[in-house]
Amino acid sequence: VGEGAADWRADERLAAQVPVAVDVQAKYRGYIERQHEDIERQREVFATTRPHFVHATPSQLLELARHCQGTGQAVPQVPLVFTSSELLTDAARKSIEVAYGARVVDIYGSTEFKEVAWQCPRGRYHLNFESVFVETIRAADGSSRLVLTSLCNRTMPLIRYDIGDL
């Protein structure tokens with residue numbers, strides 16, 4: 001992908017020749033959490049769009065499910081839920097799976113590095129090794145720190161960045 005205006009037009013023409021891109025957009029509807037909206041409005045949007053997938057924090061999904069159950073409304077069903085931005089506990093995962101009738105996939109990431117790892121159907125996390133290098137560093141006290149390196153941002157590459165996890 002180029003960076004100039006001419007390159008953008010060429011990329012746009014190429015994309016127009018690939019019908020799969022249009023079909024995918026038309027066929028699959030996603031719902032990304034709308035955290036700052038009223039919970040009832042979130043339920044309405046979710047119910048009317050009938051998404052094929054949802055991407056939200058575990059606490060937001062649990063709150064929406066509790067709202068629906070507390071008001072006697074059905075929890076909108078969705079086949080696939082992506083969670084991120086918070087720790088997904090086993091109890092939260094089970095509650096989300098049951099409430100939404102969904103397969104839950106957790107994504108580990110950060111603001112600085114975006115998606116660092118994804119969870120597979122076996123529950124294991126797989127690194128996004130194409131864009132991030134992950135290391136653990138042991139401190140003198142025996143504790144570990146997670147440090148990440150990415151050269152994707154040419155303006156400010158992050159090298160051995162201590163993300164503050166572990």
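Throughout, residue positions are numbered sequentially from 1 according to the sequence presented.
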Would you say that H67 contacts Q73 through its side chain, given a criterion of any heavy-atom pair below 4.5 Å between the two side chains?
yes
Among pairs that include at least one residue of residues 95-115, which meet salt bridge (charged side-chain N to carboxylate O under 4.0 Å, His left out), considering only residues two or more places apart or in two chains?
none
Nearest 0.5 Å, what's the CD-CG distance between Q42 and L61?
9.5 Å
ILVMFWY cluster membership beyond I159 - transitive side-chain contacts under 4.5 angstrom
L151
State whether a side-chain donor-acceptor pair under 3.5 Å links R124 with Q119.
no
Take H52 and V78 through the test side chain to side chain contact (heavy atoms under 4.5 Å, CB included) and record every step on the way to the result.
CA-CA 6 Å; H52 292 92; V78 63; 5.8 Å; no
CG-OG distance between L146 and S110, expressed to the nearest 0.5 angstrom
9.5 Å
Shortest non-hydrogen pair, P51 vs V54, comes out as CG-CG2, 4.1 Å
Which heavy-atom pair separates T155 from P157 by the least distance, and what is that distance?
C-CD, 3.8 Å
For V147, what are the other residues in its hydrophobic cluster, where any two members join if their side-chain heavy atoms are less than 4.5 angstrom apart?
I137
Does a side-chain heavy-atom distance below 4.5 Å link H126 with W118?
no
Any heavy-atom pair between the side chains of S84 and T57 that's under 4.5 Å?
no
Check whether any side-chain heavy atom of S150 lies under 4.5 Å from a side-chain heavy atom of F133, and answer yes or no.
no
Under the criterion side-chain hydrogen bond (donor to acceptor under 3.5 Å, both in side chains), I'd like the reasoning laid out for R138 against S144: C-alpha separation, chi angles, the key distance, then a yes or no.
CA-CA 4 Å; R138 251 191 227 289; S144 296; 3.1 Å; yes
Can you check whether R43 reaches L64 side chain to side chain, under 4.5 Å on heavy atoms?
yes
Tightest non-hydrogen contact, residues P58 and E86, listed as CD-OE1, 3.4 Å
Answer whether the closest heavy-atom distance between the side chains of C68 and P76 falls below 4.5 Å.
yes
Please assess L148 against L158 for the test side chain to side chain contact (heavy atoms under 4.5 Å, CB included), listing each intermediate value before the final yes or no.
CA-CA 8 Å; L148 307 178; L158 296 170; over 6 Å; no
Could you give the distance from CD (Q60) to NE2 (H55), rounded to the nearest 0.5 Å?
12.0 Å
Intermediate values then yes/no, side chain to side chain contact (heavy atoms under 4.5 Å, CB included), F82 and L80:
CA-CA 7 Å; F82 295 99; L80 182 60; 3.5 Å; yes
Any side-chain heavy-atom pair from V132 and T149 closer than 4.5 angstrom?
no
Looking at A139, is its backbone amide N or carbonyl O close enough to the side chain of S143 to form a donor-acceptor pair, meaning the two atoms are under 3.5 Å apart?
no
Working note: V105 + V81, criterion side chain to side chain contact (heavy atoms under 4.5 Å, CB included); need CA distance, chi angles, decisive distance, verdict.
CA-CA 6 Å; V105 176; V81 168; over 6 Å; no
Does a side-chain N-to-carboxylate-O contact under 4.0 Å join R66 and E63?
no
Give a yes or no answer on whether the side chain of R93 reaches the backbone of V104 with a donor-acceptor pair at less than 3.5 Å.
yes
Find the distance between CZ (R160) and CD1 (I163) and round it off to the nearest 0.5 Å.
14.5 Å
Between Y100 and F46, is any pair of side-chain heavy atoms under 4.5 Å apart?
yes
